[in-house]
Amino acid sequence: MANILVVDDELGIRDLLFEILNDEGHNVELAENAAEARAARQRARPDLVLLDIWMPDTDGVTLLKEWSAAGLLSMPVVMMSGHATIDTAVDATRIGAFAFLEKPITLQKLLKAVEQGLARESARRAAASVVPPASSFAAVVTTVGDSALVPAVHQLPPADLGPQSTQSFDLDRPLRDARDGFEKAYFEFHLAMENGSMTRVAEKTGLERTHLYRKLKQLGVDLSRGRRSAV
């Protein structure tokens, strides 16, 4: 789950992107102009920004330049426009934009750009942090008086293995009730495995996204349970 800032002066576009990205398990903040975007950037530190080019007060390219000059372009920025030229898209990329989406934006292109942008950000953060080699044990060197150093071995906590299937089912029930119980557990497991992504769960289970959403509602599946915070 990521924090995504959507900047667009059109209410319909903001609402649509919010619904799609929220269904994917992300935290979404909305801004309708550059002033709100500046405040949101400072307050929320988004993992990715979807930025419209044509806005009434300050256009998206100008805001992108501003962030770049101030050293605030620390997150992937995906530019959006229905009227921009190729030159505008190229200029935005040179300034530091990660990608460019042409309106009307298709669901497939939106989710692909977001997924790739977040993957790049995750890789950048991983490279910036120094992580020691993983080990189940850590050696701690201690001293006893004036004697030689004695290594003491302490076991580290077990690694998080992610969601595990520990469901049990009451078979002494009508077939329909037992089947619903299994299906609910099945979908909850896959939502947890895919971090709440409806798109990936639909692909994994072979269901069309709209059908999947209706099925989860029918079974009473809590869609927020599979959304785990990214580390």
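FYI, the numbering just counts along the sequence from 1. On a predicted model such as this, the values are computed, not experimentally measured, just so you know.
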Can you tell me how far CG of L21 sits from CG of L16, rounded to the nearest 0.5 angstrom? 9.0 Å

For P46 and M75, which heavy atoms make the closest approach, and how far apart are they? O-CB, 3.5 Å

Nonpolar side-chain network containing I86, other nodes, edges under 4.5 Å: V90

Transitively linked via ILVMFWY side-chain contacts under 4.5 Å: I13 with L51? no

Which residues satisfy the side-chain contact (heavy atoms from CB on, under 4.5 Å) test with T58, sequence neighbours excluded? A34, R38, T62

Validation row: S81, T88 side chains within 4.5 angstrom (heavy atoms): no

Show your reasoning for whether side-chain contact (heavy atoms from CB on, under 4.5 Å) applies to L17 and M80. CA-CA 12 Å; L17 295 182; M80 307 180 295; 3.8 Å; yes

V221 and L212: same hydrophobic cluster, using ILVMFWY side-chain contacts below 4.5 Å? yes

Closest non-hydrogen atom pair between A40 and E29, with its separation: CB-OE2, 3.8 Å

Across all chains, not counting sequence neighbours, the side-chain contact (heavy atoms from CB on, under 4.5 Å) partners of E208 are T210, H211

Would you list the atom pairs, donor with acceptor, under 3.5 Å between side chains in residues 94-112 and any protein atom, with sequence neighbours excluded?
unit_1: K103; atom_1: NZ; unit_2: D8; atom_2: OD2; d: 2.7
unit_1: K103; atom_1: NZ; unit_2: D52; atom_2: OD1; d: 3.2
unit_1: T106; atom_1: OG1; unit_2: K109; atom_2: N; d: 3.3

Of L48, V49, L30, V78, the one forming a side chain to side chain contact (heavy atoms under 4.5 Å, CB included) with I4 is L48

Shared hydrophobic cluster, M55 / W67 (ILVMFWY, side-chain heavy atoms < 4.5 Å): yes

Distance check, rounded to the nearest 0.5 Å: R14 atom CZ versus L11 atom CG? 5.0 Å

With a 4.0 Å cut-off on N to O distance, would you call R200 and E203 a salt bridge? no

Can R41 and S74 be counted as having a side-chain donor-acceptor contact under 3.5 angstrom? yes

Is any side-chain heavy atom of N3 closer than 4.5 Å to a side-chain heavy atom of R45? no

Could you work out, with salt bridge (charged side-chain N to carboxylate O under 4.0 Å, His left out) as the rule, every residue matching K65, not counting sequence neighbours? none

Is it the case that one hydrophobic cluster holds both M198 and L219, taking links as side-chain heavy atoms less than 4.5 Å apart, direct or via other members? yes

I53 with L50, same ILVMFWY side-chain cluster at under 4.5 Å: no

What's the shortest heavy-atom distance between L5 and A37, and which atoms? CD2-O, 4.0 Å

Can you tell me how far CG of L216 sits from CZ of R214, rounded to the nearest 0.5 angstrom? 11.0 Å

For E36, the side-chain contact (heavy atoms from CB on, under 4.5 Å) test, sequence neighbours excluded, returns A31, E32, N33

Are the side chain of T93 and the backbone of A89 linked by a donor-acceptor contact shorter than 3.5 Å? yes

State the CG-CE distance between D47 and M1, to the nearest 0.5 angstrom. 10.0 Å

